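Inspection log for the structure reproduced underneath, given as structure tokens.
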Protein chains: 2
Amino acid sequence: MTTVREGIILAACRLLEKQGYPATGLSEIVKESGSPKGSLYYYFPGGKEQIVSEAVLFAGNILVERMRDELSKYDNPIQALYEYIMKLAGKVEEKNFFASNPLTIVAVEAAGTSERISQACQDVYAQIQEVLQEKMVCCGLSETEAARQATLTLASLEGSIILSRVYRTSDPLRTLAEHLKDSLPQSKTSLTPQAEDDR
Amino acid sequence: MTTVREGIILAACRLLEKQGYPATGLSEIVKESGSPKGSLYYYFPGGKEQIVSEAVLFAGNILVERMRDELSKYDNPIQALYEYIMKLAGKVEEKNFFASNPLTIVAVEAAGTSERISQACQDVYAQIQEVLQEKMVCCGLSETEAARQATLTLASLEGSIILSRVYRTSDPLRTLAEHLKDSLPQSKTSLTPQAEDDR
DNA sequence: GTCTATACGGTGATAGAC
DNA sequence: GTCTATCACCGTATAGAC
């Protein structure tokens with residue numbers, strides 16, 4: 001339906017995750033998308049800020065949904081996170097170590113530049129944190145302790161993604177995955193997953 | 001001595017940590033530095049790439065040195081890291097949540113753009129990791145286990161810095177500091193610091 | 001060493017024709 | 001809806017005078 005609009009958003013996502021906000025030009029986006037150049041300001045009267053904001057939210061929603069799906073495959077949050085991060089490590093390798101969404105880089109760049117984009121990034125981070133927190137609660141943690149663990153997990157994840165990108169290895173992500181198995185020992189449930197080997 | 005050269009490097013550091021690599025212009029740097037504009041390509045014939053690379057290495061060396069100093073104040077690596085991160089949290093607040101060096105943002109941006117800058121970032125990260133690893137070894141960890149823990153700590157630190165910047169709170173950093181006290185229980189030494197209250 | 005001038009290409013954004 | 005033309009400004013980098 002909204003092929004042109006969505007095409008532009010998707011192209012923006014692809015370019016942003018590699019180059020970031022200021023380095024990605026509008027002409028580059030329309031060229032990458034294959035969409036008609038004249039439609040840019042018709043669909044996005046807010047200009048570059050609007051396109052980037054929407055791209056962050058769009059990619060963020062997909063990420064959050066995928067995360068929730070993956071984490072729901074295992075009852076135990078530790079096992080679930082382990083599997084999720086290992087899958088992410090594989091994806092990052094396939095993509096030549098450019099992480100699978102424009103969130104991190106745009107968030108850092110826009111923090112002092114665009115309030116609108118920065119707000120979009122905050123929203124996505126809050127959603128991710130909520131997904132993690134919900135999963136931690138199942139673990140038997142209190143609400144506040146779960147929030148704490150969610151923040152820590154998110155920080156470790158973001159940092160590992162950065163290190164993987166810089167070093168061009170998925171090792172930091174895999175190290176994190178292995179470590180999580182041991183470092184959330186507050187878990188009151190067993191390590192037995194809901195479905196361990198049928199996936 | 002090298003007042004002009006150093007002035008440009010320092011100005012580059014200040015601007016890079018707020019805006020990043022592509023968003024920071026050469027004219028902006030010379031203006032910020034107050035240095036003569038005509039000297040830019042005299043001191044830095046390699047252009048923008050050279051300036052940014054040197055800025056990253058310069059700020060990185062200071063960071064590594066400061067880190068080594070702070071960590072050496074306490075024998076126990078956990079206590080040392082706790083104090084270091086808490087101090088960092090205070091600094092980040094003072095600086096309006098723009099972290100104290102251009103490393104993170106430039107590393108992420110330059111990963112797919114400039115090999116030279118990317119290499120400089122890798123070097124600094126490797127140095128930081130080495131400092132952490134050395135400190136972990138004192139903890140009684142094996143060499144490989146110390147390397148693992150250093151990677152994890154660095155990732156958590158980077159991620160917390162990003163979250164602090166995005167949310168404009170030092171909470172993620174403080175949460176990390178508190179957590180570290182409990183999550184490196186492999187420590188074989190006591191928690192008693194070398195000098196706890198005389199600083 | 002430092003200056004000015006300039007080359008050359010890019011940027012985001014707008015106006016008006018179709 | 002899409003195009004082209006155009007705006008004013010920006011970027012990096014170089015050349016040559018002083």
Side-chain angles (χ1 to χ4, degrees), chain A residues 1-56 102 105-106 109-120, chain B residues 1-56 102 105-106 109-110 112-118 120:
Chain A
M1 284 287 136
T2 334
T3 318
V4 174
R5 246 195 85 96
E6 267 199 12
I8 291 175
I9 294 288
L10 285 171
C13 288
R14 261 173 281 146
L15 293 171
L16 284 171
E17 78 187 355
K18 284 182 202 158
Q19 305 168 339
Y21 174 37
T24 300
L26 291 184
S27 42
E28 203 182 356
I29 293 177
V30 291
K31 185 181 157 197
E32 162 88 10
S33 74
S35 302
K37 190 174 176 178
S39 319
L40 236 182
Y41 283 89
Y42 172 78
Y43 291 111
F44 305 94
K48 195 181 184 182
E49 255 197 326
Q50 184 183 356
I51 294 179
V52 175
S53 299
E54 291 200 26
V56 167
I105 183 167
V106 173
E109 290 176 323
T113 303
S114 158
E115 192 49 52
R116 179 173 184 179
I117 298 173
S118 189
Q119 188 58 54
Chain B
M1 286 288 138
T2 334
T3 318
V4 174
R5 247 196 85 96
E6 267 199 13
I8 291 174
I9 294 288
L10 285 171
C13 289
R14 262 173 279 146
L15 294 170
L16 285 171
E17 77 187 355
K18 285 182 202 159
Q19 305 168 340
Y21 174 37
T24 301
L26 292 183
S27 41
E28 203 183 354
I29 294 176
V30 291
K31 185 181 158 196
E32 162 87 12
S33 75
S35 302
K37 190 174 178 178
S39 317
L40 235 183
Y41 282 88
Y42 173 78
Y43 290 111
F44 305 95
K48 194 181 185 181
E49 254 197 326
Q50 185 183 356
I51 295 179
V52 175
S53 299
E54 292 201 24
V56 167
I105 184 166
V106 173
E109 291 177 321
T113 304
S114 159
E115 192 50 51
R116 179 172 184 180
I117 298 173
S118 189

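The model shown is predicted, which means the values in this text are computed figures rather than measured ones. Residue numbering restarts at 1 for every chain, and letters A, B, ... go by the order of the sequence lines.
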Take the protein atom [atom1] of [X] and the nucleotide atom [atom2] of [N], then report the distance between them rounded to whole Å.
| X | N | atom1 | atom2 | value |
| --- | --- | --- | --- | --- |
| A:Ile51 | C:dA13 | CD1 | C1' | 11 Å |
| B:Leu40 | D:dA13 | CG | C1' | 10 Å |
| A:Phe44 | C:dG12 | CZ | P | 14 Å |
| B:Glu49 | D:dT12 | CD | P | 12 Å |

List every contact pair, protein side and nucleotides 1-5 of chain D side both N or O, where the distance is under 3.5 Å.
| from | atom 1 | to | atom 2 | distance (Å) |
| --- | --- | --- | --- | --- |
| D:dT2 | OP2 | A:Ser39 | OG | 2.7 |
| D:dT2 | OP2 | A:Tyr43 | OH | 3.1 |
| D:dT2 | O5' | A:Ser39 | OG | 3.0 |
| D:dC3 | OP2 | A:Lys37 | N | 3.0 |
| D:dC3 | OP2 | A:Gly38 | N | 3.0 |

Give me the atom names and distance for the closest heavy-atom approach of [X] to [Y].
| X | Y | value |
| --- | --- | --- |
| B:Glu49 | B:Glu115 | OE2-N, 4.4 Å |
| B:Ala11 | B:Glu32 | CB-CG, 3.5 Å |
| A:Pro22 | B:Pro22 | CB-CB, 4.4 Å |
| A:Gly7 | A:Arg14 | O-NH2, 4.4 Å |

Interatomic spacing from [atom1] in [X] to [atom2] in [Y] - rounded to 0.5 Å:
| X | Y | atom1 | atom2 | answer |
| --- | --- | --- | --- | --- |
| A:Ile105 | A:Gln19 | CD1 | CD | 8.5 Å |
| A:Ile117 | A:Tyr21 | CD1 | OH | 3.5 Å |
| B:Ile8 | B:Glu54 | CD1 | CD | 10.0 Å |
| A:Ile9 | A:Tyr43 | CD1 | OH | 12.0 Å |
| B:Glu28 | B:Leu26 | CD | CG | 10.0 Å |
| B:Glu17 | B:Thr24 | CD | OG1 | 10.0 Å |

Output a table of nitrogen or oxygen pairs between the protein and nucleotides 8-11 of chain C separated by less than 3.5 Å.
| from | atom 1 | to | atom 2 | distance (Å) |
| --- | --- | --- | --- | --- |
| C:dT11 | OP2 | A:Ser27 | OG | 3.0 |

>> Between the opening five pairs and the closing five pairs of the helix from C:dG1-D:dC18 to C:dC18-D:dG1, how far apart are the helix axes, to 10°?
In response: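 About 0°, once rounded to a multiple of 10°.
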
> How would you list, by chain and number, every residue that makes a side-chain hydrogen bond (donor to acceptor under 3.5 Å, both in side chains) with B:Ser53, sequence neighbours excluded?
Replying inline: none

>> Checking A:Ser35 now: which residues fulfil side-chain hydrogen bond (donor to acceptor under 3.5 Å, both in side chains) with it, not counting sequence neighbours?
In response: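 A:Ser35 satisfies side-chain hydrogen bond (donor to acceptor under 3.5 Å, both in side chains) with A:Ser33 only.
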
Check: protein-nucleotides 14-18 of chain C nitrogen or oxygen pairs below 3.5 Å:
none

>> Apply side chain to side chain contact (heavy atoms under 4.5 Å, CB included) to residues B:Leu40 and B:Ile29 and explain how you reach the verdict.
In response: CA-CA 10 Å; B:Leu40 235 183; B:Ile29 294 176; 5.9 Å; no

